[in-house]
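Working notes, beginning with the structure itself.
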Number of protein chains: 2
Amino acid sequence: MKQITVYDIAHEARVSVATVSRVLNGTAPVKASTRERVLAVINKHQFQPNALARSLIKKESGMIGMIMPDIGNPFFPEVFLGAEKEARARGYAIFLCNTMGAQEKESEYLALLQEKRVDGIIFLGGRINQVRSKAELAQELADCAARLPMVLVNGNMPRVSLSRVVTDEAAGFRLVAQHLIDLGHRELRFIGGERSITATVQKVQALKAVMEENGLPFGPDTVLYGGFSIGSGRELMRKVLALEKRPTAVMCVNDNVAVGAVKAALEAGVQIPGELSITGFDDTLLASSITPELTTVSQNSHALGEQAVQILHQMVSGEKVRKLTVLEPRLICRQSTGSVTVVGKVRD
Amino acid sequence: MKQITVYDIAHEARVSVATVSRVLNGTAPVKASTRERVLAVINKHQFQPNALARSLIKKESGMIGMIMPDIGNPFFPEVFLGAEKEARARGYAIFLCNTMGAQEKESEYLALLQEKRVDGIIFLGGRINQVRSKAELAQELADCAARLPMVLVNGNMPRVSLSRVVTDEAAGFRLVAQHLIDLGHRELRFIGGERSITATVQKVQALKAVMEENGLPFGPDTVLYGGFSIGSGRELMRKVLALEKRPTAVMCVNDNVAVGAVKAALEAGVQIPGELSITGFDDTLLASSITPELTTVSQNSHALGEQAVQILHQMVSGEKVRKLTVLEPRLICRQSTGSVTVVGKVRD
DNA sequence: TTGAAAGCGCTAACAG
DNA sequence: CTGTTAGCGCTTTCAA
């Protein structure tokens with residue numbers, strides 16, 4: 001079925017294509033009567049200008065690419081939602097590219113998005129969370145960023161200077177750690193995450209700092225690495241419960257791990273927060289879904305996406321942009337943490 | 001910064017643009033030595049052909065639009081994931097369009113996607129789940145579908161004949177209902193959903209049928225409508241618990257509502273499944289995250305997205321496609337349901 | 001206020 | 001096997 005073009009409209013309205021274009025875009029004055037005539041024909045045929053042709057000439061596609069590791073993890077849909085809202089307001093549509101953190105998928109999508117001439121790319125996860133990334137991956141990102149606007153969310157690529165929007169995860173972690181200490185906890189454990197992931201490293205360091213400030217010993221066994229999923233949380237908690245000296249509080253690298261940890265604890269008949277306090281991180285949907293509801297840290301994921309699009313848009317518009325935007329996290333106190341002293345009494 | 005074009009490549013490789021195009025697409029034989037020379041120049045400049053220009057002439061954009069109500073609801077990311085995987089394999093990228101079920105957003109996106117000349121649209125939620133939709137909304141969908149391939153997922157638009165991929169939700173609901181009855185439950189209640197939403201209606205009818213088959217009375221008070229969120233689940237469960245005659249099993253319209261229901265029950269000190277069995281629907285991430293884990297119905301959300309893309313692709317390829325693809329749901333038995341007789345004993 | 005015509009970057013006949 | 005050339009559908013000078 002043949003698509004209608006500006007020529008068809010022009011012909012039927014007895015004007016030139018230039019005039020049709022003018023009424024479409026309002027780029028130049030058109031006599032009212034002419035405009036009406038053109039508009040009538042446009043409506044009659046439900047004409048929709050071909051954005052591809054327009055983009056080709058304008059060198060703006062109105063498309064943004066968003067590369068993220070896992071839309072199945074509730075944190076990321078929230079970032080997407082924030083980004084989309086802002087994008088819609090500025091007339092962009094978003095390509096959602098899911099990589100599962102696989103670097104070859106990231107590369108594929110990076111290439112695909114460039115070919116599609118998106119106006120900019122928002123990048124999350126994968127290589128930008130790695131403590132050390134291969135030089136070629138960094139180079140690839142740098143090359144891409146040299147061709148089009150790119151902003152990194154909650155990550156960084158050392159030696160490549162890119163605009164970033166990040167949550168101050170260390171600050172967030174200090175918040176929960178201090179919260180637990182204030183509740184009287186002295187035996188803290190950190191579970192989940194990976195040594196090779198910067199976010200994990202930042203959290204561990206924050207915990208170390210807070211513990212030392214409070215005169216608590218931070219040893220190598222304070223941390224139990226092991227992933228980011230519910231399954232790993234469960235597994236890690238089992239290990240913790242098997243320890244001869246159980247902690248009174250377990251801090252999880254994220255909500256997923258915390259959910260697994262809570263399950264394992266509950267299965268073992270451990271009272272939360274009676275015998276054990278557990279904390280999450282991210283304040284995803286999960287945190288408030290389980291019982292007891294998780295004390296956690298809100299990253300303000302929505303704002304993360306929103307800011308990213310704003311910055312992208314500024315870059316597209318040739319404005320000068322801030323290289324680093326830091327969002328402050330917020331402690332969300334719920335039911336999974338409690339005072340340690342009361343607990344002792346209750347138990348014995 | 002000027003983008004490199006086929007002309008630049010052609011010039012530097014001392015061939016014509018046609019030849020460059022040929023090596024790019026493999027559409028015609030090119031002498032090996034020539035190809036090498038062209039390829040070398042391409043690599044040297046990291047040339048990436050402009051997909052907009054290509055799409056303009058080929059009348060294929062390699063883009064798919066996916067319109068859905070809420071990516072924040074864990075069911076939808078799963079559908080997306082299935083769709084994306086299939087789309088990637090066929091070289092498509094996906095525009096994710098989130099509508100929150102708002103009809104004007106659906107309309108906006110429908111128009112936007114058409115302008116962008118996506119190769120097809122996958123539509124979920126909103127108007128296609130309405131028992132009655134305004135004629136103009138139906139017309140809009142029909143018009144859009146007349147211009148490009150469209151497939152509806154888990155929905156329908158009466159009087160508009162479109163390809164659909166759906167879960168047999170009624171069959172799924174029969175599964176859980178029968179499961180509960182087999183466990184000895186006689187007092188069943190349905191909570192959540194809306195009268196105006198087809199999926200709810202189908203479930204209620206399925207429940208009615210199963211109950212009647214089993215000689216159980218289905219009355220108007222068997223159903224408590226009230227939404228699809230965790231919050232509404234909580235609220236509805238509170239109402240159920242306040243009933244003078246409490247049911248032994250509560251069936252929820254989806255996992256979200258079930259999560260809220262479980263929370264409310266737990267808060268009220270009700271044992272699950274000891275005193276009360278609760279079921280969900282969809283088998284989202286939430287179902288297996290909470291304690292007790294939910295008995296629910298898997299929609300095979302992944303396959304839903306996968307099939308939708310496959311059908312879209314067939315339509316693009318001009319193949320004949322099945323109008324209706326029905327996926328069979330699966331009962332997932334977990335911890336939130338239990339035998340009713342045992343319960344009685346335990347309680348008294 | 002309007003029209004003619006030159007591209008945007010690519011592909012696809014059609015010749016050679 | 002390769003080059004020339006005519007568009008794809010739109011925007012945008014430049015003239016009128």
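Order of the sequence lines fixes the chain letters, A, B, ..., with proteins taken first and strands second; residue numbering starts at 1 for each chain. Heavy atoms only: backbone and side chains are in, while hydrogens, waters and symmetry mates are out.
Toward the 5′ end of DNA chain D lies the nearest nucleotide of Arg22(B), the other residue of the pair Ile57(B) and Arg22(B) mapping further downstream. Heavy-atom distances to DNA chain C give each of Ala32(A) and Val17(A) a nearest nucleotide, and the one nearer the 5′ end belongs to Ala32(A).
Across the protein-nucleic acid pair, Glu115(B) atom CD and dC10(D) atom C1' stand 12 Å apart, rounded to whole Å. Rounded to an integer number of Å, the gap from Glu60(A) CD to dC8(C) C1' is 14 Å. In this entry the distance linking CZ of Arg117(A) with C1' of dG9(C) reads 9 Å, nearest Å. Across the protein-nucleic acid pair, Tyr7(B) atom OH and dG3(D) atom P stand 13 Å apart, rounded to whole Å. One interatomic measurement links the two molecules: CG of Leu24(B) to C1' of dC10(C), which rounds to 9 Å at whole-angstrom precision. As a whole-Å value, the separation of Asn25(B) CG from dG9(C) P is 17 Å. What separates NE2 of His11(B) from P of dT2(D) is a distance of 18 Å, to the nearest Å. Atom CD1 in Ile4(A) sits about 15 Å away from atom P in dC8(D), given to the nearest Å.
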**Request:** In sequence, state the C-alpha distance, the side-chain angles, and the governing distance for Glu12(A) and Lys44(A), and then conclude on salt bridge (charged side-chain N to carboxylate O under 4.0 Å, His left out).
**Result:** CA-CA 11 Å; Glu12(A) 192 167 335; Lys44(A) 172 180 164 198; 2.6 Å; yes

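Screening residues 105-125 of chain B for salt bridge (Lys or Arg N to Asp or Glu O under 4.0 Å), with sequence neighbours left out, gives Arg88(A)-Glu108(B), Glu106(B)-Arg127(B).
Relative to the side chain of Arg54(B), the nucleotides dT11(D), dG9(C), dC10(C) differ in distance, and dC10(C) lies closest. Listed nucleotides: dC10(D), dG9(D), dG3(D). Nearest to the side chain of Ser16(B): dG3(D). Of the candidate nucleotides dT11(D), dT2(C), dT11(C), dT2(C) has the atom lying nearest to any side-chain atom of Lys31(A). Among the nucleotides dG9(D), dT11(C), dT11(D), the one closest to the side chain of Thr5(A) is dG9(D).
Shown here is His11(A), whose NE2 atom has no more than 12 heavy atoms of other residues, nucleotides or ligands within 6.0 Å.
Within the 4.0 angstrom heavy-atom criterion, only backbone atoms of the sugar-phosphate kind lie near Val15(B); the bases stay farther away. If you check every strand for non-hydrogen atoms under 4.0 Å, Ser21(A) touches a base. Within 4.0 Å (heavy atoms only), Thr34(A) reaches sugar-phosphate atoms of the nucleic acid but no base atom.
Side chains of Arg90(A) and Gln310(A) form a contact here, defined as non-hydrogen atoms less than 4.5 Å apart. Considering only heavy atoms from C-beta on, Val118(B) comes within 4.5 Å of Leu148(B) through its side chain.
Residues satisfying the ring pair (Phe, Tyr, Trp, His ring centres under 6.0 Å) test with Phe95(B), not counting sequence neighbours, are Phe95(A).
Using modelled atom types and a 3.5 Å distance limit, the side chains of Gln46(A) and Asp143(B) yield a donor-acceptor pair. With 3.5 Å as the limit, one finds no donor-acceptor pair spanning the side chains of Thr198(A) and Gln130(A).
Between Thr19(A) and dG3(C), a side-chain N or O to OP1/OP2 separation shorter than 4.0 Å is present. Between Lys59(A) and dG9(C) there is a side-chain polar atom (N or O) within less than 4.0 angstrom of OP1 or OP2.
Taking every heavy atom of residues 38-53 of chain A and every atom of DNA chain C, no pair lies under 4.0 Å.
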